[in-house]
Participant: 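This is the structure I want to talk about, given as structure tokens.
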Amino acid sequence: MLTNEAIQQKVEDLLSRMTLEEKAAQMVQVPYSVVGREESLRWAELGAGSFLHVLGDDAREVQQTALHKSRLGIPVIFGIDAIHGHGLNTEAAIFPSQLATACTWDPAIAEEMGRVTAREVATDGLHWTFSPVCCLGRDSRWGRIDETFGEDPYLSGEMTYGIVRGYQGESLDAPDSILACAKHYIGYGEAVGARDAVDTQMTYRKMKEVFIPPFQRAVDAGCATFMTAYGSIDGHSFTADPKTLKTILRDEMGFDGFLVTDWNNCGSLVQQQFVAEDMQDAAVQAAEAGNDMIMSTMEYYDAAIRAVRSGKLAEGVLDEAVRHILTMKFRMNLFEQPEKKGVPGCIGCQAHRDAAYRAGKRSITLLKNNGMLPLKSVKKVAVIGQNADDIQSQYGDWTYLTHPNATDFRPPHRPYVTVKEGFEALCAERGAQCVYHVGCAVRPLPPEVIAMIEGPALKDPVAEYIRQIAMKRNTPADDIPGAVETAKDADAIILVVGDTIDQHGEYKDRGNLDLSGQQMELYRALRALNIPLTVVLVSSKPLCMGEIAETADAVIVAFNGGQYGGQAVAEAAFGCFNPSGRLPISFPAHSGQLPVYYNSLPGWHGGRYMDLPRTPVYAFGEGIGYAPFTYANLTFDPETFIATVEVTNAGDVAGEEVVQVYMHDVVASVIRPVKQLIAFTRVSLAPGETKTVTIQLKRDDFSLVNREEKRVVEPGEFELFIGHSSKNEDLLKTTFRL
Ligand code: BGC
């Protein structure tokens, strides 16, 4: 590996030999899947810095063109959205979504997912994944909640730290390390009304207190790249905001990698946000604000060149951006090894699939159990529901089953195990019968979608993309009586409810999180049979489950559990392992309750909507297993910042508890959340065992961001809570002064 000084010299030498055109081209990131092969090769000859959404031989051809047909032969970097495994490659190991992974509360699982993904992406010759999403998911109506690590800054930060370490490995020049990209910097999840990409409800102080921390953990882990968010703060587009992109990111957070815009952010300054007169104005604003690489705004190239020639943009601004990009290319040793080698044969190999299976099991979150689970001596299990046997819904977003503009649609590729298949296998092993019925469509296609599917291809690429997804959806006919008939003599019913890919993702925010279609009617019809009934949620996000929380016998959340998500559900239900997932996000009782995150600010008169419950149905941190845990004897020493608590497994099976630590600042110069997670740790306990858990906290855990936007610890009284979830009744409390 070259020293920093040697890299700097090489960068300056190369930069001094680049023409203005080559500098502008180096800043361009070309969407191969949109512009096509010929246009991409032309860009490679011009010296474009990076390409996205291209795999295998197509990528190799682009690289060879850049190396041998561009004047300076600067290698290109390939980026891809490998966000829960290298899912755009059909053969890859597919992990649970980020939200499902966050249910593990286990940064080591995130790290393993990152490592496996990196090895597979690198084996495809690619260098960079646009992951992780460090935005907080505080309003589940947002279409991209599944891509977040949930609602909490601390949990999200710890999972971020793990996954970035996993992607980047020991060193960026290793054959199986790839660049991570913390996105979408910043506030993407905090858009008003959960409306994808619009203005955020944020000030710089709030940004620093609540939203920066997970991104800061990305920097701490050495994250090589960041991606700018689509949104805006107080009317200023993030794409054109030097305070966010330079002062805060580089000077205060210490980021030293390169910053890429999101898709056509630069063009959006003209086309959607109306803060730039024309593309030249947009290019000037985006470059001056500190964006180093411009994703999918091809007009940037000409516009930037014209802007420099006409004196509207200093060439030095381009130099600085190109410096950041070239530095990373040298750090990756691309000039010697332009193509990542990865680990030949590793894509979808057994070891990688085992890792996806481990993550799937760890993410299973049991929320209710009146004793129905684990299933014992059952003779007939009825598995009901479309999502019990729909691999596209199980995988969720960003796989080859959802992204026709990244790869062609392919039929589902084995191995994978749906919930239905998981139960079939385990029932067979136990000599029990397993029957299945689809019950009803998760989302019957509305008439306008049917008309669209039957109509001609659409000109607008986004509309056509949505049309294609709708065309590929498997939408069964409703048959609730058939499901009742199938289940009527079973001794356990497993009803799987959820959402489909056309109900989440970019451009797909929901206003109503109620179970769609006839799913609630299906539940009621099955419940009326009076047979023990478990409801499983295979979905991208928390949904409003109505009376299910009250009247079902057991509730399991699986979210999008990856290729073995279905097997994990069945194994958890049969008690093959003791589930230990905990919610990284609150479950609203009603869509009108949103946002409903636990760490809210106090002061709401009445503390509730007069016509809705006060609390969510399931709170942040909740999750049970087959053994209850009890807590006693909390101590905290404000001199050493050491907290201790005794945790007992009061059940008769071994289990893992996630010990959660929250704090509350009693009086402060700014309004503080009612409670804030500051630490957690996992502890394994044998039946009846008690362990004293010791947690080392830091003074900074009690800090706030003051009105001057500085992070400080203010002296005074604090409350410390330790226990099983964010709910008051699950927590022990002590108070102390700093
Ligand atoms: C998304 C990003 C993604 C990029 C490239 C954008 O539409 O917002 O998250 O990385 O496309 O696919």
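Keep in mind the model is a prediction, meaning the values are calculated, not measured. The first residue in the sequence is number 1, and the count goes up from there. All ligand and atom numbering here is 1-based and tracks the order in the structure.
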Participant: Indicate whether any N or O donor in one side chain lies under 3.5 Å from an N or O acceptor in the other, for Ser393 and Asn387.
Facilitator: yes
Participant: Any pair with a residue in residues 123-150 that passes ring-ring contact (aromatic ring centres under 6.0 Å, His included), sequence neighbours left out, goes on the list, sorted by first then second residue, please.
Facilitator: Phe78-His127, Trp128-Phe130, Trp128-Phe258, Trp142-Tyr188
Participant: Where does ligand 1 get N/O contacts under 3.5 Å from the protein, atom by atom?
Facilitator:
from: ligand 1; atom 1: 7 (O); to: Tyr230; atom 2: OH; distance (Å): 2.8
from: ligand 1; atom 1: 7 (O); to: Glu506; atom 2: OE1; distance (Å): 2.8
from: ligand 1; atom 1: 7 (O); to: Glu506; atom 2: OE2; distance (Å): 3.0
from: ligand 1; atom 1: 8 (O); to: Arg144; atom 2: NH1; distance (Å): 2.6
from: ligand 1; atom 1: 8 (O); to: Tyr230; atom 2: OH; distance (Å): 3.4
from: ligand 1; atom 1: 8 (O); to: Asp262; atom 2: OD1; distance (Å): 3.3
from: ligand 1; atom 1: 8 (O); to: Asp262; atom 2: OD2; distance (Å): 2.6
from: ligand 1; atom 1: 9 (O); to: Arg144; atom 2: NH2; distance (Å): 2.8
from: ligand 1; atom 1: 9 (O); to: Lys183; atom 2: NZ; distance (Å): 2.8
from: ligand 1; atom 1: 9 (O); to: His184; atom 2: NE2; distance (Å): 2.7
from: ligand 1; atom 1: 10 (O); to: Asp81; atom 2: OD1; distance (Å): 2.6
from: ligand 1; atom 1: 10 (O); to: Lys183; atom 2: NZ; distance (Å): 3.0
from: ligand 1; atom 1: 12 (O); to: His53; atom 2: NE2; distance (Å): 3.2
from: ligand 1; atom 1: 12 (O); to: Asp81; atom 2: OD2; distance (Å): 2.5

Participant: Do Glu112 and Arg115 sit within salt-bridge range, that is, some charged N less than 4.0 Å from a carboxylate O?
Facilitator: no
Participant: Holding to ring pair (Phe, Tyr, Trp, His ring centres under 6.0 Å), I want the full list of residues that pass it with Phe330, two or more places apart in sequence or in another chain.
Facilitator: Phe335
Participant: Who pairs with Phe255 by ring pair (Phe, Tyr, Trp, His ring centres under 6.0 Å), at least two apart in sequence or on another chain?
Facilitator: Phe226
Participant: Trp398 vs His53 aromatic rings, parallel, tilted or perpendicular, using cut-offs 30° and 60°?
Facilitator: tilted
